[in-house]
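Below is one structure, written out as structure tokens, with a few remarks after it.
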Amino acid sequence: MEKNNRVSIWVGNFDNKENFKNYFQEHYDDEGDVFSEFMKDFEIDYIDNQFLEKHYLDNTSFQDLIEPMSYSESFKHKIDSQNLTDINTIICAYDYEYLEVIENNGSLKFLGTFTYEKS
């Protein structure tokens, strides 16, 4: 659901960058509605792709993944990253509040929705 100054965050692990890209590739059904594997897995009806920021890095830490994300200085300290190991992917959906329908799909885990400030 759209909500100003909120960012919903997922982290996970993909076998390779190609699988990562394919997972977020948008498709259209017969009615012209957009969907992706990500949207289907987390039961998201619609998310504006221009507010979705994704990052993939091999052999890295949570801090390396979150650092280049927009506005991360305003929310990264709110995330408990102690148990976030073996991840190579982060997804931030800005001005979107995921209502935690599904917490984990195997490849991705929903961390939560946090308040952020635009700099």
Side-chain angles (χ1 to χ4, degrees):
M1 151 175 49
E2 288 184 34
K3 188 135 187 189
N4 287 337
N5 298 332
R6 302 287 283 165
V7 58
S8 295
I9 302 173
W10 292 261
V11 293
N13 191 306
F14 285 85
D15 292 336
N16 55 55
K17 195 166 192 168
E18 189 66 29
N19 288 349
F20 167 76
K21 284 182 178 181
N22 289 339
Y23 186 71
F24 293 97
Q25 180 66 44
E26 292 183 341
H27 306 278
Y28 293 89
D29 64 17
D30 293 338
E31 287 89 41
D33 294 327
V34 67
F35 70 93
S36 66
E37 291 303 313
F38 170 68
M39 291 169 64
K40 285 177 16 183
D41 283 350
F42 287 93
E43 298 181 10
I44 297 171
D45 291 331
Y46 177 76
I47 190 164
D48 191 335
N49 199 24
Q50 69 179 339
F51 297 111
L52 193 64
E53 194 170 13
K54 307 172 290 285
H55 198 56
Y56 173 95
L57 277 176
D58 280 324
N59 304 318
T60 194
S61 69
F62 175 75
Q63 293 306 320
D64 290 340
L65 281 169
I66 199 164
E67 198 64 38
M69 304 308 277
S70 299
Y71 319 113
S72 66
E73 288 298 318
S74 69
F75 63 82
K76 68 181 179 181
H77 64 281
K78 300 174 186 176
I79 301 169
D80 180 9
S81 61
Q82 286 182 316
N83 296 323
L84 298 179
T85 59
D86 196 31
I87 60 172
N88 60 12
T89 300
I90 188 168
I91 298 91
C92 293
Y94 294 94
D95 295 335
Y96 185 82
E97 184 169 29
Y98 181 64
L99 300 176
E100 198 172 340
V101 176
I102 298 170
E103 184 179 319
N104 190 325
N105 79 338
S107 295
L108 290 178
K109 176 183 176 159
F110 176 64
L111 292 184
T113 300
F114 306 90
T115 301
Y116 80 94
E117 295 178 24
K118 297 177 182 174
S119 355

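We use all heavy atoms of the structure for the numbers below, so side chains are in, but hydrogens, waters and symmetry mates are not.
- Between the side chains of Q50 and D48, a donor-acceptor pair is found at a separation under 3.5 Å.
- Here the straight-line distance linking atom CZ of F75 with atom OG1 of T113 works out to 11.5 Å at 0.5 Å rounding.
- You'll find the side chain of I66 reaches within 4.5 Å of the side chain of I79, heavy atoms only.
- Linking ILVMFWY side-chain heavy atoms closer than 4.5 Å, directly or via other members, places Y28 and Y46 in a single hydrophobic cluster.
- In terms of heavy atoms, S36 sits closest to Q25 at CB-O, 3.4 Å.
- Considering only heavy atoms from C-beta on, K54 stays 4.5 Å or farther from I90 through its side chain.
- In the hydrophobic clustering of this structure, V101 groups with F38; members are Ile, Leu, Val, Met, Phe, Trp, Tyr whose side-chain heavy atoms approach within less than 4.5 Å, directly or through other members.
- Of all heavy-atom pairs between M39 and D45, the closest is CE-O, 3.4 Å.
- The closest donor-acceptor contact from the side chain of S61 to the backbone of D64 lies under 3.5 Å.
- Looking only at side-chain heavy atoms (C-beta outward), Y96 and F51 stay at 4.5 Å or farther from each other.
- Among pairs with a residue in residues 24-34, none fulfils salt bridge (Lys or Arg N to Asp or Glu O under 4.0 Å), at least two apart in sequence or across chains.
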_Run the side-chain contact (heavy atoms from CB on, under 4.5 Å) test on L108 and I91 for me, step by step, so that the C-alpha distance in whole Å, both residues' side-chain angles and the decisive distance to 0.1 Å come before the verdict._
CA-CA 9 Å; L108 290 178; I91 298 91; 3.7 Å; yes
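- Using cut-offs of 30° and 60° on the angle between ring planes, the pair Y98 and F110 is perpendicular.
- Checked for salt-bridge contact, E37 and K40 meet the test: a charged N lies under 4.0 Å from a carboxylate O.
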*Apply the test side-chain contact (heavy atoms from CB on, under 4.5 Å) to residues F20 and N88: give CA-CA distance (whole Å), side-chain angles for both, the deciding distance (0.1 Å), then the verdict.*
CA-CA 10 Å; F20 167 76; N88 60 12; over 6 Å; no
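- Within the 4.5 Å cutoff, the side chain of V11 has heavy atoms near those of the L111 side chain.
- Pairs engaging residues 67-78 under the salt bridge (Lys or Arg N to Asp or Glu O under 4.0 Å) rule: E67-K76, E73-K76 [sequence neighbours left out].
- Within the 4.5 Å cutoff, the side chain of Y71 has no heavy atoms near those of the V7 side chain.
- Aromatic ring orientation, Y116 versus Y94: perpendicular (interplanar angle above 60°, classes split at 30° and 60°).
- In this structure, N105 and S107 approach most closely via the heavy-atom pair OD1-N, 2.9 Å.
- Between the CG atom in L52 and the SG atom in C92 there is a gap of 8.5 Å [rounded to 0.5 Å].
- Placement of F114 and L84 within a single hydrophobic cluster is found when ILVMFWY residues are connected by side-chain heavy-atom separations under 4.5 Å, directly or transitively.
- A donor-acceptor pair is defined here as one N or O able to donate and one able to accept, closer than 3.5 Å; no such pair exists between the side chain of N19 and the backbone of F14.
- Using a 30° and 60° split on the angle between ring planes, H27 and F35 fall in the tilted class, from 30° to 60°.
- Under a hydrophobic-cluster definition in which Ile, Leu, Val, Met, Phe, Trp and Tyr are linked whenever side-chain heavy atoms come within less than 4.5 Å, directly or via other members, L57 and I9 are assigned to the same cluster.
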*Between F24 and N49, is a side-chain contact (heavy atoms from CB on, under 4.5 Å) present by the stated rule, with each step listed?*
CA-CA 10 Å; F24 293 97; N49 199 24; over 6 Å; no
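- Between W10 and F42, the ring planes lie perpendicular to each other; the angle is over 60°, past the 30° to 60° tilted range.
- Here the NZ-OG1 distance, from K17 to T89, works out to 10.0 Å after rounding to the nearest 0.5 Å.
- Judged purely by atom type and a 3.5 angstrom limit, E53 uses its side chain to pair as donor or acceptor with the backbone of S70.
- Residue pairs meeting the salt bridge (Lys or Arg N to Asp or Glu O under 4.0 Å) criterion with at least one member in residues 109-119, sequence neighbours excluded, are D95-K118.
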